[in-house]
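Take a look at the structure set out below.
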Amino acid sequence: MAHEAAATKKAVTMPTIELTDLTRDEIETALRDLGVEPYRAGQLFQWIYQRGVVDFASMTNLSQDVRRTLAEHFHISTLAIARHDTSEDGTEKFLLLLRDGRHVESVFIPDAGSRTFCVSTQVGCAMGCTFCLTATMGLGRNLSPGEIVGQVRVLAAAVALGGKAFNVVLMGMGEPLHNYDQTMAALRILCDKAGCALPPRRITLSTVGLVPAIERLATEPLMPNLAISLHAASEDVRIRLVPSARKYSITEILAACRRFPLKHRDRITFEYVLLAGVNDSDTEARKLAKLLRGLRAKVNLIPLNPAAGIPFQRPSDDRVNQFGRILSEHHVAVTVRKSRGRDIRAACGQLAIEGGRKSPAQSLGDAI
Ligand code: SAH
């Protein structure tokens, strides 16, 4: 009994609030409730996001009393690197351990003069796209804001980013708009002037096309770049590839895109995974060009990154080029995405956890 009482007492006095899940406004409110000056939230942001200090005792511009109060009520978690692979092309893939023992993957993509972090928003994904390896895991769970931002924090330190500018693409595991609130809170934390101060134009949110969430995003004060995973110009082809297409048609998605507020020079990116003999015909290219007419769009062609268990083939380079040529002849801006990190399975659609604890959905995915 005595033992039980001690355990209960311990549970009550454990710091329960995860500080990295809170925006600066939320920290201010929490501090006010504790009788600590709210402006200390800005100092906490500087320590965590600018200087990488996560131990309250080392936050020397806070009084001993404040440091003690913070340590009693807050906890600062940092994702642990469980595995780190570097590709021949310089791409680095990280397997990160979450507090509950699950894992996510994040990728660092250095390119001529630019640095991009590709981060996950969920463990696994519920969208079920038939060409994507992450889909075979099913959805494990949503990531919290701190777990999303934490990927940038850990990777930036691991690659010794220093103060260099970087981009963030929400193109890792998961569907960001299926974890809307936590993803948006993460973006508010990343863009906060007292922390990473990431300009929103350096963030790209990629979505499978969840129309109500796109409409909601259109009303946000903090606006990332938008990328839509279209993958087809015909509804019947898209339904074969993207299950959510049954709910939201190409027509509805493009209508939402036409309404989406864009700044003077911004464009919406349409991602198009090319699958041999499925969506890579001249007819489909012409249809796509027609659909995008009048939209401030650019198309990013992604030749399929094949994987065992994915029932599609990558088209030939000639086919990819021909598809791109048709689009540009129709005055559609088009780029072909370079596949980065394929040798370490860090390329688009290749993120899936192999080791670690597996959910039933994951094990099922392995069996298919
Ligand atoms: N759920 C979001 C973001 C994650 S995926 C979305 O659907 O946009 C990032 C991009 O990689 C998407 O365009 C996705 O369709 C693409 N992708 C998925 N599997 C792929 C594969 N095997 N080869 C190439 N691209 C793939």
Side-chain angles (χ1 to χ4, degrees), residues 79-98 103-125 127 129 131-137 143 147-148 150-161 164-176 202-206 208 225 227 229 231 269 271-276 300-310 312-317 320 335-356 362 365-366:
L79 308 177
I81 299 174
R83 194 184 155 149
H84 177 190
D85 296 298
T86 302
S87 161
E88 289 159 5
D89 64 20
T91 303
E92 299 183 41
K93 182 167 88 165
F94 294 81
L95 179 67
L96 301 173
L97 174 66
L98 307 173
H103 293 83
V104 282
E105 285 181 321
S106 322
V107 182
F108 173 63
I109 311 156
D111 210 346
S114 79
R115 292 147 293 271
T116 301
F117 296 112
C118 175
V119 306
S120 299
T121 53
Q122 297 177 313
V123 178
C125 186
M127 296 299 116
C129 300
F131 52 85
C132 178
L133 203 58
T134 307
T136 61
M137 296 172 62
L143 294 187
E147 289 169 334
I148 298 170
Q151 296 169 62
V152 176
R153 198 153 58 81
V154 168
L155 266 60
V159 303
L161 187 74
K164 295 201 196 83
F166 60 94
N167 306 306
V168 169
V169 295
L170 303 179
M171 295 186 187
M173 295 175 151
E175 165 51 44
R202 286 197 170 270
I203 304 175
T204 301
L205 184 152
S206 177
V208 73
N225 298 310
S229 289
H231 309 320
T269 300
E271 295 157 285
Y272 197 107
V273 175
L274 282 165
L275 310 166
N300 194 196
L301 298 176
I302 319 172
L304 176 78
N305 291 312
I310 299 296
F312 297 103
Q313 306 297 321
R314 181 188 181 91
S316 67
D317 288 351
V320 173
T335 49
V336 178
R337 188 176 295 178
K338 271 188 284 175
S339 262
R340 301 290 304 255
R342 273 172 73 191
D343 52 334
I344 54 165
R345 287 234 321 241
C348 298
Q350 293 192 308
L351 302 183
I353 310 296
E354 291 151 310
Q362 273 176 268
D366 289 347

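Since the structure is predicted, the reported quantities are computational estimates derived from the model, not experimental observations.
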When rounded to the nearest 0.5 angstrom, what distance separates [atom1] in [X] from [atom2] in [Y]?
X: T204; Y: N225; atom1: OG1; atom2: CG; answer: 4.0 Å
X: L95; Y: E105; atom1: CG; atom2: CD; answer: 5.5 Å
X: R83; Y: L96; atom1: CZ; atom2: CG; answer: 12.5 Å
X: T121; Y: L205; atom1: OG1; atom2: CG; answer: 8.0 Å
X: L161; Y: R153; atom1: CG; atom2: CZ; answer: 14.5 Å
X: M127; Y: C125; atom1: CE; atom2: SG; answer: 5.5 Å

(message) Looking at D89 and K338, is there a salt bridge between them, counting it only when a charged N and a carboxylate O are closer than 4.0 Å?
(response) no

Quick check: do [X] and [Y] have side-chain heavy atoms less than 4.5 Å from each other?
X: V168; Y: R202; answer: no
X: M171; Y: E271; answer: yes
X: T86; Y: I344; answer: no
X: V273; Y: F312; answer: no
X: I302; Y: F131; answer: no
X: L98; Y: L143; answer: yes
X: V119; Y: L155; answer: no
X: V320; Y: V336; answer: yes

(request) Verify the ring-centre separation between F94 and F108: is it less than 6.0 angstrom? (result) no

(request) Evaluate side-chain contact (heavy atoms from CB on, under 4.5 Å) for V169 paired with S206, printing each intermediate quantity in order. (result) CA-CA 7 Å; V169 295; S206 177; over 6 Å; no

Can any side-chain N or O of [X] pair as donor or acceptor with the backbone N or O of [Y] at less than 3.5 Å?
X: N167; Y: I203; result: no
X: E175; Y: V208; result: yes
X: S120; Y: M173; result: yes
X: R115; Y: A165; result: yes

So, for [X] and [Y], which heavy atoms are closest and what is the spacing to 0.1 Å?
X: A158; Y: I81; result: CB-CD1, 4.0 Å
X: R345; Y: K93; result: O-NZ, 2.9 Å
X: L79; Y: G150; result: CD1-C, 3.9 Å
X: R342; Y: P306; result: NH2-CD, 3.8 Å
X: G174; Y: T134; result: N-CG2, 4.3 Å
X: S106; Y: Q151; result: OG-OE1, 2.8 Å

(request) Applying side-chain contact (heavy atoms from CB on, under 4.5 Å), run through V107 and T91 and close with a yes or a no. (result) CA-CA 7 Å; V107 182; T91 303; 3.3 Å; yes

(request) May I have the step-by-step check of side-chain contact (heavy atoms from CB on, under 4.5 Å) for N305 and R314, ending in yes or no? (result) CA-CA 7 Å; N305 291 312; R314 181 188 181 91; 3.6 Å; yes

